[in-house]
Q: 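This is the structure, below, for whatever I ask next.
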Amino acid sequence: MPPKSNEAPINRSKDIVISSIISIVITLVFGYYFLYVGIRERKPTFYVDPTRTTILDKESAANAPLLLLKSNGDTITSDVTSVYFYFFNQGEETIKQENIYSPLKIVLSDHAEILDFKVLKVARPVSGIEVTRDSVGHTLNIHLKALENNDGFVGQIIFEGNKNASINLEGGIDGVKQFETHLWSIDPLYFLAAVVIFLIAAYVFLI
């Protein structure tokens, strides 16, 4: 009688090791995910749309029989640009008025001057969002009662000056070291990878 083969037990041991490793990976993946989304923190986000619309190009309009005036009667002599921006809370923790220890202000670089602004849409009026213009510092002041997750507004600024002038949010909020400047979300590929790993682990275990 030929000796019994040890290949089956060895293969089974390999399957168990592989299944265990994949199970550990699944645990780490889902553990990290739930820890990531479970953190309650404030994430004030100021996102500026990268697409800007030129209303007046000073070079193109130099020889045109046009004269554009500001509201105070001064002549506009630089480029005039329109840009959209978004301010909202991406975090799970509410941003309340008492959490703001330094006023929130929208500031333009290169001495660009705000000619006009509009609040185009507010996620929820109950947030008490109000935007006012500081004519002395050429900035916009943001006032609010409270911003829960995804509460905020969309605005538009029309300004004179360098069309590439940076637009930034300044101020201070408890627990926030810096303002978010991009939109973030959990990548759907993250879920897909977790599902694939889970199916592979289940298949190996059943074999």
Q: Could you tell me which residues satisfy side-chain hydrogen bond (donor to acceptor under 3.5 Å, both in side chains) with Thr54, sequence neighbours excluded, listed by chain and number?
A: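 For Thr54, no residue satisfies side-chain hydrogen bond (donor to acceptor under 3.5 Å, both in side chains) once neighbours in sequence are set aside.
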Q: Verify side chain to side chain contact (heavy atoms under 4.5 Å, CB included) between Leu169 and Phe87, making sure each step is shown before the conclusion.
A: CA-CA 9 Å; Leu169 180 66; Phe87 176 68; 3.4 Å; yes
Q: Got a sec, which residues hit side-chain hydrogen bond (donor to acceptor under 3.5 Å, both in side chains) with Asp174, two or more places apart in sequence or on another chain?
A: none
Q: For Thr94 and Asp151: C-alpha separation, side-chain torsions, deciding distance, then whether side chain to side chain contact (heavy atoms under 4.5 Å, CB included) applies.
A: CA-CA 9 Å; Thr94 302; Asp151 280 347; over 6 Å; no
Q: Where do Arg52 and Lys163 come nearest, in terms of heavy atoms and distance?
A: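 Of all heavy-atom pairs spanning Arg52 and Lys163, the closest is NH1-O, 2.9 Å.
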Q: What are the two closest heavy atoms between Phe159 and Asn162, and how far apart are they?
A: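 Closest approach of Phe159 to Asn162, heavy atoms only: CE1-O, 3.2 Å.
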Q: Identify whether Val83 and Val80 are in the same connected component of the hydrophobic contact network (ILVMFWY, side-chain heavy atoms under 4.5 Å).
A: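 No; tracing contacts between hydrophobic side chains, which count when under 4.5 Å, never links both residues.
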Q: Can you tell me how far CD of Glu180 sits from CD of Gln178, rounded to the nearest 0.5 angstrom?
A: 7.0 Å
Q: Got a second to check how far Glu93's CD is from Lys43's NZ, nearest 0.5 Å?
A: 12.5 Å
Q: Establish whether Val48 and Val131 are linked, either directly or via other cluster members, by ILVMFWY side-chain heavy-atom contacts under 4.5 Å.
A: yes
Q: In a table with atom names and distances, give each donor-acceptor pair under 3.5 Å that connects a side chain of residues 95-108 to protein atoms at least two apart or in another chain.
A:
{"from": "Asn99", "atom 1": "OD1", "to": "Arg42", "atom 2": "NE", "distance (Å)": "3.4"}
{"from": "Asn99", "atom 1": "OD1", "to": "Lys96", "atom 2": "N", "distance (Å)": "2.7"}

Q: Kindly compute the distance separating CD1 (Ile158) from CZ (Phe117), expressed to the nearest 0.5 Å.
A: 11.5 Å
Q: How far does CZ of Phe153 sit from CD of Glu130, to the nearest 0.5 angstrom?
A: 11.0 Å
Q: Over all heavy atoms of both residues, which pair between Pro44 and Asn89 is shortest? Give the atoms and the distance, please.
A: N-OD1, 4.1 Å
Q: To the nearest 0.5 angstrom, please state how far the CG atom of Asn168 sits from the OG1 atom of Thr139.
A: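 Result: 12.5 Å between the selected atoms.
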Q: What pairs with Asn150 under side-chain hydrogen bond (donor to acceptor under 3.5 Å, both in side chains), at least two apart in sequence or on another chain?
A: none
Q: Using every non-hydrogen atom in the two residues, find where Thr51 and Asp49 come nearest and quote the distance to one decimal.
A: N-OD1, 2.9 Å
Q: When hydrophobic residues are tied together by side-chain contacts of less than 4.5 Å, even through go-betweens, does Ile114 share a cluster with Leu56?
A: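 Different clusters.
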Q: Could you tell me which residues satisfy side-chain hydrogen bond (donor to acceptor under 3.5 Å, both in side chains) with Thr132, sequence neighbours excluded, listed by chain and number?
A: His143
Q: When clusters are formed by joining ILVMFWY residues with side-chain heavy atoms under 4.5 Å apart, either directly or through shared neighbours, do Leu115 and Phe85 land in the same one?
A: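 No, separate clusters.
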Q: To the nearest 0.5 Å, how far apart are CZ in Arg124 and CZ in Phe88?
A: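 Between atom CZ of Arg124 and atom CZ of Phe88 there are 14.5 Å.
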Q: Test side chain to side chain contact (heavy atoms under 4.5 Å, CB included) on Ser127 and Leu147; report intermediate values, then the result.
A: CA-CA 6 Å; Ser127 300; Leu147 291 184; 3.9 Å; yes
Q: Please collect all side-chain hydrogen bond (donor to acceptor under 3.5 Å, both in side chains) contacts where either partner lies in residues 77-87, sequence neighbours excluded, each pair once.
A: Ser82-Gln156
Q: Are Val119 and Ile157 joined in one hydrophobic group, where the rule is that I, L, V, M, F, W and Y side chains link up if heavy atoms are under 4.5 Å apart?
A: yes
